[in-house]
Amino acid sequence: MGIKKRRALEVPLKAESYNEAFAFIEQWMKQHGISDKTIYETGLLFEALFQDMIDQGFPQDTILTIKPQRVFGEYNIKLGFEGEAYIPTLKKEQEEISPELMIVKAYSDKVGYRYRLGYNRVSIVVKRNYSSSLLSCLIAIVLAMLIATPMIAFMSKGELNYIDTTYIKPLIKQFANAMLMIGAPVTFFSLIKNLTDIYILSEKSSSARKLQIKTIVTSLTAIFLALITGIAISIMMSSHHGYLENQGTFANGLNAEQFIASLVPSSIFEPFETYMPFPIIIVALLLTYALCSIGEYFDSVHRFINICLEVFSKMVTVVMFTLPFFCFLAVLSMLMVDGTSRILILLHYVAVVFLSIIVIIAFYTVRLLIGKVNILTFAKHLPTLMWENFKINSAIDAVPFNIRYCSRKYGYSRKRLGEKLPILAQTNQDGNCFLIMLIAMIFIFMLGIEVSWLQIAGIGFLVLFLSVGAPNQPGSIVIGMLIITFYLQADELISIAIFAEAFFGSIQNIINVLGDIVTVAIEEQKYQKQPA
């Protein structure tokens, strides 16, 4: 069978097999319209992995299975073989890093490793296309409109309300429950991991500590800007819809005494049983302090937390595959109950949120001007950087690419980028803070949910810690919005949380990365002005 017709290739894991193996994947990439630049970079990575596998001493009779595929909008190449667990590492007898390992580390955002029952599976990402999720949600919205139209025409209002109350709303609530059931542990373990990493870095380096303080300040500023923007938008639109007419002391009668009493529950398990956000944060802070104080057991406990985070994050990914279906149900429910009027308002506010991103862009522009960074030079290479990060959809996963790109295009020091960008990717959550706070404020006022300034301050506190606890990953917007929904006891926000993830899930990552690069540009400008 010719190379063009093969779906998989099996070759012995030895140097003589490389040409046949690369010809197979190169042909597949050309057939799927992959650019020459991407083919070149994938070839470098494949050759480095192939050679490293041989250097690690796997037997030459080991059979390597190569299977290119496209799954959920992502083009990748799977490498499978039996043997001991494989991860590229520096051998003890080596005095310096090999060229192969340097390449693998440089492209670590494109490689994944799995080992199960004696079988290795290495995945190389060729091209990502996370916009397919947004496209699926848009198709779901159009399909809901097509289905709702004849239902509204031929069914009475009572029948429509019965179907919505009996079938659709309970299903949507189950999606929210599933996201909270998994999202609460994800937030908890991620919060511990990130706070612990922040603590360790701050102990090691004063410059890292200063950088972390700056990112906290920018995140708080983003929350403040979102609050002001959300209130301004609501006031401007109140004459049309009367969104500000129902303000009260606390939602659902929760007074200050009850709020304070809820901070420390009677049982340590209660926060996870009821998804109580403030106790989860308090427990995470206490556990972080304890973890950083236990000495010899730190590595084992920290490794356990990382494993738990990885497992629950994979669970979130599985649940997120159902987002288009529940987006369909949410639109169908809104059409059946309110007709097209509510959908038009929703689309209107989606547009308003997109336009409001100008506020955070203006904030970054001011920061660049104060830092005396050349705006035109900075903006020249920004579109390509942002587009690639949109496809990767995780600031943490995109760190290696961002280091390579900023080093080549902006001329920044690769060493300093390697020190600062990983810290910024974990701690700079401007996108999460701005969007979650903005969307929550707009729709709290739009739906007439009763809030006080004390409760708004509580939401801002939640947004800051939820952003640290669910950073830069698909699902972080919907998890954050659902926890705020639970805090406000406002089920009306469940559908809004679904739409927020569908439309703004990738945008929050773009803002996070933009904040990272702005901070790096300012730091590099300061460094260049220092006397030699």
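Source: prediction; values computed, not measured.
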Is the count of non-hydrogen atoms from other residues, nucleotides or ligands lying under 6.0 Å from K67 atom NZ greater than 12? no
Are V478 and M320 side-chain neighbours, meaning at least one heavy-atom pair lies under 4.5 Å? yes
Do D430 and T218 pair up side chain to side chain, a donor and an acceptor below 3.5 Å, judged on atom types alone? yes
Decide yes or no on side chain to side chain contact (heavy atoms under 4.5 Å, CB included) for D164 and L332, but give the supporting numbers first. CA-CA 9 Å; D164 180 58; L332 190 62; over 6 Å; no
Determine, stepwise, if the pair V337 / L160 fulfils side chain to side chain contact (heavy atoms under 4.5 Å, CB included). CA-CA 7 Å; V337 175; L160 291 173; over 6 Å; no
Of all heavy-atom pairs linking S356 and I233, the shortest is OG-CD1, 3.3 Å
Quick check for you: to the nearest 0.5 Å, what is the distance between N432 atom CG and Q508 atom CD? 4.5 Å
Under the side chain to side chain contact (heavy atoms under 4.5 Å, CB included) criterion, do Y364 and I360 qualify, and how do the steps go? CA-CA 6 Å; Y364 289 145; I360 198 74; 3.9 Å; yes
Ring pair (Phe, Tyr, Trp, His ring centres under 6.0 Å) with F503: which residues, sequence neighbours excluded? none
Closest approach of A521 and F378, non-hydrogen atoms and distance? CB-CE1, 3.8 Å
Would you say the ring centroid of F354 lies under 6.0 angstrom from that of F504? yes
Within a radius of less than 6.0 Å around OH of Y113, do more than 12 heavy atoms belonging to other residues, nucleotides or ligands occur? yes
Looking at K169, M481, M179, K173, which one forms a side chain to side chain contact (heavy atoms under 4.5 Å, CB included) with I494? K173
Might you work through the side chain to side chain contact (heavy atoms under 4.5 Å, CB included) test for F434 and L225, ending with a clear yes or no? CA-CA 7 Å; F434 182 79; L225 290 174; 4.2 Å; yes
Check whether S156 reaches the backbone of E159 with its side chain - one donor and one acceptor, N or O, closer than 3.5 Å. yes
Nearest heavy-atom pair of G230 and L438: which atoms, and what distance? N-CD1, 3.6 Å
Does OH in Y115 sit with more than 12 non-hydrogen atoms of other residues, nucleotides or ligands closer than 6.0 Å? yes
Of all heavy-atom pairs between A330 and F499, which one has the smallest distance, and what is that distance? CB-CZ, 3.6 Å
Rounded to the nearest 0.5 angstrom, the CG-CD1 distance for L143 and I147 is 4.0 Å
Does any donor atom in the side chain of N389 or N509 lie under 3.5 Å from an acceptor atom in the other side chain? no
Any donor and acceptor pair, going by atom type alone, linking the side chain of Y75 with main-chain N or O of M29 inside 3.5 Å? no
